[in-house]
J.: 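For reference, the structure I am asking about is given below.
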Amino acid sequence: HKTPGAFSPNTYDANNHFLRPAELIPNDATLSISQAEQLVANAFNAASLVTGQYFMAQISSSLNTLKTSVSGISDYIEDEKLSKFQSYLNKLESIARRLPFLRNNPMGTMNYVQDAEEIERFADELMDFCERRIERIEKDARLSDGEDTIDKNANDILKYLLLSYQSLLMFCEGTNVAICLEGITDANHLQVIYDGLEKKVQQYEDL
């Protein structure tokens, strides 16, 4: 900010509303100590802006998509797992709505970080459950099965694939919420998190 020779594009929020002019520093610029400190502070503010607005918009959109799909999976998954899925979805939505306020309360934030990580673990387990169910259906299937059995097996596989996809979304949004709560901006740390997300996406695609 206010660095000689900086470029000045405009910045926008997640809804494409104009926020303010922003000044960018060329990557070969030589910074003084005071400028470096200011740059770090500005980078954190920019990250806060992103996590507070863009991610919030994306998380809200994904959670709404998940909510509309829950009612369609009750006919093939155990009531216990479905109830837990709905409970965690409600908790994730509640945390996401409170994000702007929770980040101002470091003591309370860690409890919500633990909640987000618990949601990630549940979503991870549910993906594994779906994978095992599909494997079981394939193992039990026979070439001599009648048309009704084949149709049922095909429908069950498709339903478990859908649930696996929804679990993947929950896993990713739980991760996003945890990132926002912890205010993670370190590139190496974010890369490790990204690699973990990519691994889960690959698990679903392989399935």
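Values reported hereafter were calculated over all heavy atoms of this structure, with side chains retained and with hydrogens, waters and symmetry mates removed.
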J.: Taking it one step at a time, do Asp195 and Lys199 satisfy salt bridge (charged side-chain N to carboxylate O under 4.0 Å, His left out)?
T.: CA-CA 6 Å; Asp195 291 343; Lys199 183 177 180 180; over 6 Å; no

J.: Mind checking the CZ-CG spacing from Arg136 to Asp140? Nearest 0.5 Å is all I need.
T.: 5.0 Å

J.: So, Tyr160 versus Glu131: side-chain donor-acceptor pair below 3.5 Å or not?
T.: no

J.: Do the side chains of Lys200 and Leu197 get nearer than 4.5 Å, heavy atoms only?
T.: no

J.: Closest approach of Tyr204 and Ser164, non-hydrogen atoms and distance?
T.: CD1-OG, 3.6 Å

J.: Checking Ser167 against Phe122 for the side-chain contact (heavy atoms from CB on, under 4.5 Å) test, could you report, in this order, the C-alpha distance in whole Å, the side-chain angles of both residues, the deciding distance, and whether it holds?
T.: CA-CA 9 Å; Ser167 301; Phe122 169 75; over 6 Å; no

J.: Would you name the heavy atoms of Gln166 and Phe85 that are closest together and state the gap between them?
T.: CB-CZ, 4.1 Å

J.: Assess whether side-chain contact (heavy atoms from CB on, under 4.5 Å) is satisfied between Val177 and Val113, documenting all intermediate values.
T.: CA-CA 8 Å; Val177 166; Val113 170; over 6 Å; no

J.: Would you sort out whether Glu118 and Asp115 count as a side-chain contact (heavy atoms from CB on, under 4.5 Å), showing the intermediate values?
T.: CA-CA 5 Å; Glu118 182 181 342; Asp115 287 341; 4.3 Å; yes

J.: Who pairs with Asp206 by side-chain contact (heavy atoms from CB on, under 4.5 Å), at least two apart in sequence or on another chain?
T.: Gln202

J.: Under a 3.5 Å cutoff, is there a donor and acceptor pairing between the side chains of Asn153 and Glu138?
T.: no

J.: So how far is it from Tyr165 OH to Glu205 CD, rounded to the nearest 0.5 Å?
T.: 10.5 Å

J.: First locate atom CE of Met170, then atom CG of Leu89, and finally report the distance between them rounded to the nearest 0.5 Å.
T.: 4.5 Å

J.: Working to the nearest 0.5 angstrom, can you tell me the gap between Glu125 CD and Lys84 NZ?
T.: 6.5 Å

J.: List, one per line, each side-chain donor-acceptor pair under 3.5 Å for residues 144-152, sequence neighbours excluded.
T.:
from, atom 1, to, atom 2, distance (Å)
Asp145, OD2, Arg142, N, 2.8
Lys152, NZ, Asp156, OD2, 2.8

J.: What distance separates Ile119 CD1 from Glu117 CD, expressed to the nearest 0.5 Å?
T.: 10.5 Å

J.: Going from CD1 on Ile193 to CD on Glu182, what distance comes out if it is rounded to the nearest 0.5 angstrom?
T.: 7.0 Å

J.: I would like to know whether Leu161 and Cys130 meet side-chain contact (heavy atoms from CB on, under 4.5 Å); could you show each step before the answer?
T.: CA-CA 7 Å; Leu161 281 173; Cys130 292; over 6 Å; no

J.: Cys172 and side chain to side chain contact (heavy atoms under 4.5 Å, CB included): which single residue from Leu169, Leu168, Thr175 fits?
T.: Leu168

J.: Could you go step by step and tell me if Asp128 and Gln203 meet the side chain to side chain donor-acceptor pair (under 3.5 Å) rule?
T.: CA-CA 9 Å; Asp128 290 339; Gln203 177 184 348; 3.0 Å; yes

J.: Glu120 and Ala178: which non-hydrogen atoms are nearest, and at how many Å?
T.: OE2-CB, 4.2 Å

